[in-house]
Amino acid sequence: MSCSCASATEKPSFERVIWSSTWCSMKGSNKATVLTLAEKCKNILVSNWQGYLNTIKTDAQGSKENIYTSKVKYIVRKGNPLIWVPEHELHNVNTIIDERGSFSVASPYPGPLGKLLKSMNKFPVRVALTGDVVPVKDKKAESAANYLKEMMLSEEKALKDFSYTVSGVLSSSNHFSTTRSENLKELPDGGENYVIYKFNLSSCMFVDGNGGTHEVDFEDMEKCKASLLAPYSAKLIDGINQSEARRRGLILFCFIYLNVNARDAYMLSLDRKGFDVLGKVRSKVTGDEIDEYQWKQFRITFKEEARDIESFCQQLVEMEEDAIKKVSSYSGLG
């Protein structure tokens with residue numbers, strides 16, 4: 001893909017980057033353009049494979065109100081996280097006395113996106129769960145381990161069998177840092193002993209990029225299902241953001257579909273209804289002759305919902321082709 005717009009990595013001579021957020025969508029869409037909070041939370045849980053588990057520290061006298069936290073790996077089965085905790089972790093002692101715990105999982109922010117958010121002192125959206133951390137034993141533990149192996153094999157096969165269009169979008173992504181099966185390999189390989197826990201959630205909060213918390217209806221969480229896109233969202237986001245051509249495509253999307261002149265752009269998140277873009281746009285000049293740029297969040301929606309990764313990538317490529325044609329027609333008029 002090629003176009004005549006400015007390079008996606010070009011930096012202005014003077015800039016002061018600030019953050020703001022705005023929601024926009026493609027014109028002509030009357031249906032809901034964003035997911036419910038419950039859907040967002042389910043997708044985040046399925047899109048990641050590691051989170052922070054918190055349990056209450058204990059001693060011989062019983063529970064204390066100090067919290068022990070560590071990063072752990074997990075999968076989702078039947079709507080609940082199954083967490084693999086190394087045998088040496090204090091969680092294994094804490095949960096004997098007090099099963100209460102909390103679990104925090106962030107939306108994937110691979111590669112350059114993570115660096116950008118860090119430079120802006122912003123956090124990715126995340127899910128905060130509270131509930132009971134219950135050990136999975138004997139046959140149930142064996143069943144969980146087998147489910148993990150089957151899931152990994154299924155994902156590895158899918159990655160090999162994807163169409164040319166999907167492979168083209170994913171080709172720029174970092175395979176190790178964005179592939180769930182690759183990051184979970186250590187669990188069944190036997191390099192370390194683990195205790196498997198089921199997290200029985202009792203409440204859920206959605207935490208936005210500004211740190212604001214939004215309570216999610218428990219019944220909605222139980223009813224909704226994660227998108228088929230979710231397991232591959234990290235690879236899709238990284239594949240797009242690591243590609244100069246596709247980032248130029250995001251810049252064109254801002255111009256063609258939103259009438260926004262962006263100097264740079266990154267894919268922030270995606271779902272079956274569309275995707276969110278961080279665009280660097282020029283703010284109002286105050287007379288000091290120094291260009292000031294701000295990162296704004298824009299929402300671009302699909303004409304039709306993308307039910308799986310094939311339809312997502314197909315619509316993305318079609319939008320790129322459409323945007324290039326429209327830019328070329330504008331150039332011809334000039």
Side-chain angles (χ1 to χ4, degrees), residues 1 3 21-47 107-108 113 125 154-155 158-159 161-173 178 206 220 223-241 243 245-260 262 265-279 296-330:
M1 177 180 136
C3 59
S21 178
T22 175
W23 292 94
C24 300
S25 62
M26 291 174 63
K27 295 179 180 179
S29 177
N30 294 319
K31 59 186 178 180
T33 59
V34 294
L35 303 181
T36 65
L37 289 179
E39 288 175 316
K40 289 180 180 181
C41 290
K42 274 291 178 71
N43 285 348
I44 291 172
L45 286 174
V46 173
S47 67
S107 179
L113 177 60
V125 298
S154 176
E155 184 177 288
L159 289 172
D161 295 342
F162 280 144
S163 68
Y164 177 81
T165 300
V166 175
S167 299
V169 177
L170 300 182
S171 61
S172 300
S173 66
T178 63
F206 176 79
D220 289 345
K223 290 177 183 177
C224 76
K225 294 183 178 180
S227 166
L228 296 175
L229 273 172
Y232 306 104
S233 60
K235 288 190 72 65
L236 286 167
I237 291 170
D238 199 48
I240 293 167
N241 288 339
S243 167
R246 294 225 130 83
R247 281 176 58 200
R248 287 195 293 270
L250 296 180
I251 292 173
L252 286 183
F253 293 167
C254 290
F255 177 68
I256 296 297
Y257 301 125
L258 305 175
N259 197 27
V260 171
Y266 284 91
M267 179 76 75
L268 177 62
S269 63
L270 55 87
D271 55 68
R272 72 177 192 275
K273 292 178 179 288
F275 49 90
D276 297 307
V277 174
L278 282 178
K296 283 191 176 182
Q297 182 175 337
F298 301 100
R299 177 74 176 175
I300 297 177
T301 58
F302 290 133
K303 292 180 180 178
E304 298 180 3
E305 290 191 2
R307 294 295 180 180
D308 54 30
I309 190 171
E310 292 283 352
S311 59
F312 179 92
C313 293
Q314 185 63 42
Q315 289 196 66
L316 180 73
V317 171
E318 289 174 358
M319 288 173 65
E320 289 172 344
E321 293 171 349
D322 179 62
I324 292 174
K325 287 179 182 178
K326 287 181 177 177
V327 167
S328 299
S329 67
Y330 295 158

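Keep in mind that this is a model prediction, so the values were computed, not measured.
- Relative orientation of the F162 and Y232 rings is perpendicular, given thresholds of 30° and 60° on the angle between their planes.
- Atom CZ of F302 sits about 7.5 Å away from atom CG of L270, to the nearest 0.5 Å.
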T301 and K273: side-chain contact (heavy atoms from CB on, under 4.5 Å), yes or no, with the steps? CA-CA 6 Å; T301 58; K273 292 178 179 288; 5.5 Å; no
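- Closest approach of S227 to N43, counting heavy atoms only: N-OD1, 2.7 Å.
- For the pair I237 and S269, the tightest heavy-atom approach, listed with the atom from each and the gap, is CD1-CA, 4.0 Å.
- Remark: R272 is not positioned above the aromatic ring of F312, lacking an NZ or CZ atom under 6.0 angstrom from the ring centre and at most 45 degrees off the axis.
- Of all heavy-atom pairs between L229 and I309, the closest is CD2-CA, 3.5 Å.
- Partners of V317 by side chain to side chain contact (heavy atoms under 4.5 Å, CB included), not counting sequence neighbours, listed by chain and number: T165, R246, E320, E321.
- Put simply, the side chain of S311 gets close to the backbone of D308: a donor and an acceptor are under 3.5 Å apart.
- Of the inter-residue distances, the one linking Y266 atom OH with I251 atom CD1 reads 10.0 Å to the nearest 0.5 angstrom.
- Note that OG of S47 and CG of D271 are 11.0 Å apart. Values are rounded to the nearest 0.5 Å.
- Of the inter-residue distances, the one linking Q315 atom CD with K303 atom NZ reads 9.0 Å to the nearest 0.5 angstrom.
- Looking at every heavy atom in both residues, V46 comes nearest to A226 through CG2-CB, 3.4 Å.
- Listed for the S167 side chain is no donor-acceptor partner under 3.5 Å among the backbone atoms of Y164.
- With rounding to the nearest 0.5 Å, the separation of OG in S233 from CZ in F275 is 14.5 Å.
- No donor-acceptor distance shorter than 3.5 angstrom exists from the side chain of D276 to the backbone of L268, with no hydrogens or angles considered.
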Could you go step by step and tell me if E318 and D322 meet the side-chain contact (heavy atoms from CB on, under 4.5 Å) rule? CA-CA 6 Å; E318 289 174 358; D322 179 62; over 6 Å; no
Check against side-chain contact (heavy atoms from CB on, under 4.5 Å), I240 and L316: CA-CA 10 Å; I240 293 167; L316 180 73; 3.8 Å; yes
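- Residues satisfying the side chain to side chain contact (heavy atoms under 4.5 Å, CB included) test with A38, not counting sequence neighbours, are T36, V216, D220, M221, C224.
- Summarising the geometry of G239 relative to S172, their closest heavy-atom pair is O-CB, 3.4 Å, with the distance given to 0.1 Å.
- Distance check, rounded to the nearest 0.5 Å: CG of L159 to CG of L170 gives 7.0 Å.
- The nearest pair of heavy atoms linking M319 to Y257 is O-OH, 3.2 Å.
- Of the residues listed (N241, L113, D238), the one engaging M267 in a side chain to side chain contact (heavy atoms under 4.5 Å, CB included) is N241, and it is the only one.
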